[in-house]
Amino acid sequence: MTVASWVLHVDLDQFLAAVEVLRRPELAGRPVVVGGKGDPTQRAVVATASYEARRFGVRSGMPLRTAAARCPDAVFLPADNAHYEAVSQEVMAVLRARPGVVVEVMGWDEAFVGADTDDPEALAAEIRGAVRAATRLECSVGIGDNMLRAKIATEFAKPGTGGGAYRLTAANWAEVMFDRPTRALWGIGAKTARKLADRGIHTVRELAGTDPAALAAELGPALGPWYVQLGRGIGRAEVEGTPWVARSRSHETTFQTDLADWADVREQVVALARRVAAEIRAEDRPAARVAVKVRFTPFSTYTRSATLEAPTLDADRFAAAALEVLEKFTSRRPVRLLGVRAEFTRP
DNA sequence: TCTGGGGTCCTAGGACCC
DNA sequence: TCTGGGGTCCTAGGACCC
């Protein structure tokens, strides 16, 4: 056996629902839907549905109202982000505790692990056991020769389809992926899949065989060639362990009742700006730009932004700048959502 | 059944400068 | 006389992901 460099993608199963069931064991086996304030009559969407709820067709991103229609017996729970963040950190600590590994966190419920080993399946089994022992949570592990393949491999490792781990490398990429739609690739969404289909590219095989320069001309100088690389299973192989430096900080709110009075809109923008300002001050990261997002009824969404005269940590100045940007909007249609974002200077 | 919240990166056009 | 080409910043929008 030779020691090689591997990428493992660790993905917690039905994370939010599983965490809620842990603190309320009587919910085990029941359809559980986590999202919003846990009130399916409110404007909010599903953050995570348990596998039992998914059997009724409940999916992430679906309005809670729809989820309730599909699964009237589901238990609806409010999202408790602070708790999920804490549990997530426990899991990441378990991953980082393995000797010699590099961990790159991708969200609350997933991380890449870079490791040199002659038996990645054994490492995957060790990780699953360690996470289970420390947190009582289940996870699936994708094994790959780069991050793209490891990430996609996780889909084949999930409960119901896989046995907890799955290996996807250059050796079986064509066999496993070539007949699948381009949408199966990490980075190709519904819109891009349609654009590719319009050009006669439906499968991963067809994408892999496309001339990168031709796609550059049609879909952009960077994106076009990148899509072809995705089709070929090529991606970053080095997992980065250095802490992520955020580019921006933002808050947004969807109002349960649209704001019809522009005075209320101004007031809410100031409140959001002050929340953002408090956070960037706590992080000591001055805002260089401010952006304001407005979603009018029914759903048209626009963003306006401006570079500040000088980067600032001052809440009054930041809020004033946000109000100034808000004035770039001239429509006075009812407002469904407001957002304020601070962008940091690039180091 | 009307569509959350928090992010990142890419693209393209225009301004502006040399 | 009304024409060049490159580089960079600013801004808005699009797309994707968790």
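Numbered from 1 within each chain, the chains take letters A, B, ... in sequence-line order.
- An OP1 or OP2 oxygen of B/dC2 is reached within less than 4.0 angstrom by no side-chain nitrogen or oxygen of A/Thr66.
- Counting non-hydrogen atoms under 4.0 angstrom, A/Gly189 reaches the backbone sugars and phosphates but no base.
- Contact check for A/Trp6 versus A/Val113: no side-chain heavy atoms found under the 4.5 Å cut-off.
- Phosphate proximity of B/dG7 to A/Ser250: present, with a side-chain N or O under 4.0 Å from OP1 or OP2.
- Within the structure, a side-chain polar atom (N or O) of A/His251 is placed less than 4.0 Å from OP1 or OP2 of B/dG6.
- With a 6.0 Å cutoff to the six-membered ring centre and a 45° limit on the axis angle, A/Arg232 does not count as a cation-pi contact of A/Trp173.
- Within the nucleic acid shown, A/Ala47 has no heavy atom closer than 4.0 Å to any nucleic acid atom.
- Ranking C/dA15, C/dA12, B/dT3 by closeness to the A/Lys328 side chain, first place goes to C/dA12.
- In this structure, CG of A/Asp11 is placed 8 Å from P of C/dC18, rounded to the nearest angstrom.
- Atom P of nucleotide B/dT8 and atom CZ of A/Arg289 are separated by 14 Å, given to the nearest angstrom.
- Within 4.0 Å (heavy atoms only), A/Arg43 reaches sugar-phosphate atoms of the nucleic acid but no base atom.
- Between A/Ser60 and C/dC18, a side-chain N or O to OP1/OP2 separation shorter than 4.0 Å is absent.
- In this structure, the CZ atom of A/Phe299 is 8 Å from the C1' atom of B/dC2, given to the nearest Å.
- Per the geometry, CD belonging to A/Glu218 stands 14 Å off P belonging to B/dT11, to the nearest Å.
- In this structure, A/Pro221 reaches the sugar-phosphate backbone alone: every heavy-atom distance under 4.0 Å involves primed, P, OP1 or OP2 atoms, never a base.
- The side chain of A/Thr254 places an N or O atom within less than 4.0 Å of a non-bridging phosphate oxygen (OP1 or OP2) of B/dG5.
- Comparing B/dT8, B/dT11, B/dG5 against the side chain of A/Glu252 picks out B/dG5 as the nearest.
- Looking at A/Arg59 and A/Val46, their side chains never come closer than 4.5 Å, going by heavy atoms from C-beta outward.
- Among the heavy atoms of the strands, none lies under 4.0 Å from A/Arg194.
- Between C/dA12 and A/Arg304, a contact under 4.0 Å exists linking OP1 or OP2 to a side-chain N or O.
- As rounded to the nearest Å, B/dC2 and C/dC18 have P atoms that lie 27 Å from one another.
- Checked by atom type, the side-chain pair A/Arg333/A/Ser300 shows a donor-acceptor distance below 3.5 Å.
- Within 4.0 Å (heavy atoms only), A/Ala190 reaches sugar-phosphate atoms of the nucleic acid but no base atom.
- Contacts of A/Asn81 with the nucleic acid, taken as non-hydrogen atoms under 4.0 Å apart, are absent.
- Side-chain N/O atoms of A/Arg65 include one lying less than 4.0 angstrom from OP1 or OP2 on B/dC2.
- In this structure, of C/dT11, B/dG7, B/dT11, it is B/dG7 that holds the atom nearest to the side chain of A/Arg249.
- We find that CD of A/Gln42 is positioned 15 Å from C1' of B/dT3, with the value rounded to whole Å.
- Relative to the side chain of A/Tyr302, the nucleotides C/dG13, B/dC10, C/dA15 differ in distance, and C/dG13 lies closest.
- A/Arg341 has its CZ atom 14 Å from the C1' atom of C/dC10, to the nearest Å.
- A/Arg43 is not listed as a side-chain neighbour of A/Leu337, based on a closest heavy-atom distance of 4.5 Å or more.
- For the pair A/Arg247 (side chain) and A/Val245 (backbone), a donor-acceptor distance under 3.5 Å is present.
- Of the candidates B/dT3, C/dC18, B/dG5, the closest approach to any side-chain atom of A/Pro298 belongs to B/dT3.
- Taking the centre and axis of the six-membered ring of A/Phe299, the NZ or CZ atom of A/Arg295 falls inside the cone set by 45° and 6.0 Å.
- Regarding A/Met62, its CE atom lies at a distance of 17 Å from the C1' atom of C/dC18, rounded to whole Å.
- Between A/Leu219 and A/Arg275, the one whose closest nucleotide on DNA chain B sits nearer the 5' end is A/Arg275.
- Looking at which nucleotide of DNA chain B each of A/Phe255 and A/Ser248 is closest to, the 5′-most match is held by A/Phe255.
- In this structure, A/Ala306 reaches the sugar-phosphate backbone alone: every heavy-atom distance under 4.0 Å involves primed, P, OP1 or OP2 atoms, never a base.
- Listed pair A/Arg295 / B/dG4 meets the phosphate criterion, a side-chain N or O lying under 4.0 Å from OP1 or OP2.
- OP1 and OP2 of B/dG6 both lie 4.0 Å or more from every side-chain N or O belonging to A/Arg247.
- Using a 4.5 Å heavy-atom threshold, the side chains of A/Arg136 and A/Arg132 count as separate.
- When the side-chain nitrogen and oxygen atoms of A/Trp108 are compared with OP1 and OP2 of B/dG6, none of them lie within a distance under 4.0 Å.
- Figure legend. B/dG13 is base-paired to C/dC10; pairs are counted as Watson-Crick or G-U wobble with both atom distances under 3.5 Å.
- Following rounding to the nearest Å, A/Lys293 (NZ) and B/dG4 (P) show an atom-to-atom distance of 9 Å.
- When the side-chain nitrogen and oxygen atoms of A/Arg70 are compared with OP1 and OP2 of B/dT1, none of them lie within a distance under 4.0 Å.
- Within the nucleic acid shown, A/Ile188 comes within 4.0 Å of sugar-phosphate atoms alone, with no base atom in reach, counting heavy atoms only.
- Looking at heavy-atom distances under 4.0 Å, A/Trp226 makes no contact with the nucleic acid at all.
- Closest contact between the side chain of A/Trp186 and the listed nucleotides B/dT8, B/dG4, C/dC18 involves C/dC18.
- Put simply, A/Ser305 has a side-chain N or O that comes within less than 4.0 Å of OP1 or OP2 on C/dA12.
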